[in-house]
Amino acid sequence: MRGVFDIVGPVMIGPSSSHTAGAARLGLMAGKILGERVVKAEILLHGSFAQTYRGHGTDKALLGGIMGFEPEDERLRDALEIARDKGIEYSFSPVDIPEAHPNTAVLMLTGEKGRTVRVEGASIGGGNIRISQIGDFEVHLTGKYPALVVVHRDRPGVVNKITTIIARYGINIAYMKLSRKNRGQEAMMILETDDELTGEMIEDCSAVPEIIKAFAIPSIRGRE
Amino acid sequence: MISFNSIAELVELAQKANCPISQIVIQWEMENNFVAEEKQRAMMLKNWQVMEESLKRGLKNYEKSVSGLTGGDAVKLYAYRQQGYTGEAVLSAAASAVGVSEVNAVMGRIVACPTAGSCGIVPAAIYAAAEKNGNNIDEIVDALFTASGIGMVVEANASIAGAYGGCQAECGTAAGMAAGALVQLAGGAPEIVGNAVALAIKNLLGLACDPVAGLVEVPCVKRNGFIAVHAMVAADMAMAGVQSVIPVDDVIDAMNRIGRSMPSSIKETAEGGLATTKTGLRLTKEIFGK
């Protein structure tokens, strides 16, 4: 059963929980995955998003989210102008992704330090979202929990090393997903946790020899 | 551990504990999502404050939506409130609900209740009831918890999404939530709350979600006004002692089955109903230029 504040709530900027609030959350997640100030955003819109984005302010919500605006932030309305003022380059184009959810967006972001990331996700109703792809990896992220993303070499015992570190910090794992490109090659694990992750813990994870990179994505359920 | 999957169970828990339904809902949230009562009350109060702001802004809103389809009707209706057939309280509530919904359409801040498309109904009905009864802020916050509990049961047994259940799932659920909240604000017992929910939802079964151009505007904005009033009538009927022959959980079951059997063309796809009328299609073309 959904919680009390999923029914009365959330506080949001209209007009649509799926096309506006959910879109802002998708942008917010993509921005957090990039982890640095965005200078360029190329956004592809699929299905209903591509059809109706202007009337629903989906473009403003996505871009606002990328700049860190929450679904209830009134600046979402003016997100396109704000982005232009900040010198952020952006574009919206339609795309057809076979079998994707009708409210899917692909966000290709470039950060001020040159980092790039490609995030694919859908707004699945009521403002809830699902990130389905980060770069080449298939993932399943809702943003409801803080997440630890670890890119590593596919070797025996790596999961154990990471979960041991998490346990040492007294953090409980809520959900976990492991995926890889090919046996023995690059792999990715995503752990959603009940508590926010600390920089120190990320450093400990990064120090494990098989780890290529580790980073945290804070939850986006921080309303209040 | 408190658990409820039906309105009957929710009502029974409240009766046994000799408390309003809101207290059971608060207890549930404490046990399931580990949020202390005090914090829950603060969060709900914030929701009410946003609702009230959006309502007041709506009654002064002249701004048109991006599509140009809606905006300015709440002001007209509010100005007419003393002249109408239905009386000032009813027309003020209708104007308030239209206003909140117009604020939503111009990308203003609202509270989804249970959805953005139905965001005007609960605030407008509660605001009108609180004015009439002189309810204080704590009673209003309590009523919102009761409303939420009702929505939680509907969501668990049917749907609150237009894409799954049509507009009955969004505005129908909001009507049930509002009617139940209004009974509690009038001092009605938990079983009367249940009856009001049954009456409210029963009379919106089968409602299509067929918005023009797929936007949350036509018919959504004005419909919020109509359904806020519908919820008030349901609460009045229940308080008057009128019984729903079909009990509330059966009504929710019917809502679920009707929602499933409705064609997808009238479930938020803009592929049927009002959206594909001659005018609906022309407007769509004008808005999206194709």
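Atom set for the values below is all heavy atoms of this structure, side chains included, hydrogens, waters and symmetry mates excluded. A, B, ... follow the sequence lines: proteins, then strands. Residue 1 opens every chain. Small disclaimer: the values here were computed from a predicted structure and weren't measured.
For I287(B), no part lies near chain A; criterion is any non-hydrogen pair under 4.5 Å. Contact of V106(B) with chain A is made through backbone and side chain together, with heavy-atom distances under 4.5 Å. For chain A, the nearby part of A156(B) is the side chain; its heavy atoms alone come within less than 4.5 Å. Neither the backbone nor the side chain of N32(B) has a heavy atom closer than 4.5 Å to any heavy atom of chain A. Residue Y164(B) does not touch chain A at all, counting heavy-atom pairs closer than 4.5 Å. At a 4.5 Å heavy-atom cutoff, the contact between F4(B) and chain A is made by backbone and side-chain atoms alike. In this structure, no portion of A174(B) lies under 4.5 Å from any heavy atom of chain A. If you measure heavy-atom distances from M51(B) to chain A, the contacts under 4.5 Å come from the side chain alone.
Considering CG of N104(B) and OG1 of T20(A), their distance stands at 7.5 Å, rounded to 0.5 Å. With rounding to the nearest 0.5 angstrom, the CD atom of Q51(A) is 11.0 Å from the OG1 atom of T284(B). Taken to the nearest 0.5 Å, the CZ atom of R54(A) stands 12.5 Å off from the CG atom of L215(B). The structure places OG of S48(A) at 8.0 Å from CD of E268(B), a figure rounded to the nearest 0.5 Å.
Residue K32(A) qualifies as enclosed at atom NZ: its count of foreign heavy atoms under 6.0 Å is above 12. With a 6.0 Å radius and a threshold of 12 heavy atoms from other residues, nucleotides or ligands, R260(B) has its CZ atom at or below the threshold. When the shell of 6.0 Å around NZ of K161(A) is examined, it contains more than 12 heavy atoms from other residues, nucleotides or ligands. Heavy atoms of other residues, nucleotides or ligands lying less than 6.0 angstrom from OH of Y175(A) number 12 at most. In this structure, E112(A) places its CD atom where more than 12 heavy-atom neighbours from other residues, nucleotides or ligands lie under 6.0 Å away.
Nearest heavy atoms, V8(A) versus S148(B): CG2-CB, 3.6 Å. Of all heavy-atom pairs spanning M152(B) and I7(A), the tightest one is CG-CG1, 3.5 Å.
Of the candidates V25(B), N47(B), N33(B), L144(B), V25(B) is the only one forming a side chain to side chain contact (heavy atoms under 4.5 Å, CB included) with V4(A).
The candidate with the highest count of non-hydrogen atom pairs below 4.5 Å against chain A, out of G151(B), A112(B), A116(B), is A112(B). With chain A as the partner, the residue from V66(B), V35(B), I110(B) showing the most heavy-atom pairs under 4.5 Å is I110(B). When the candidates K60(A), E74(A), M1(A), H19(A) are compared by the number of heavy-atom contacts under 4.5 Å with chain B, M1(A) comes out ahead. Ranking E29(B), E217(B), Q40(B), R109(B) against chain A, the residue ahead of the rest is R109(B), based on heavy-atom pairs under 4.5 Å.
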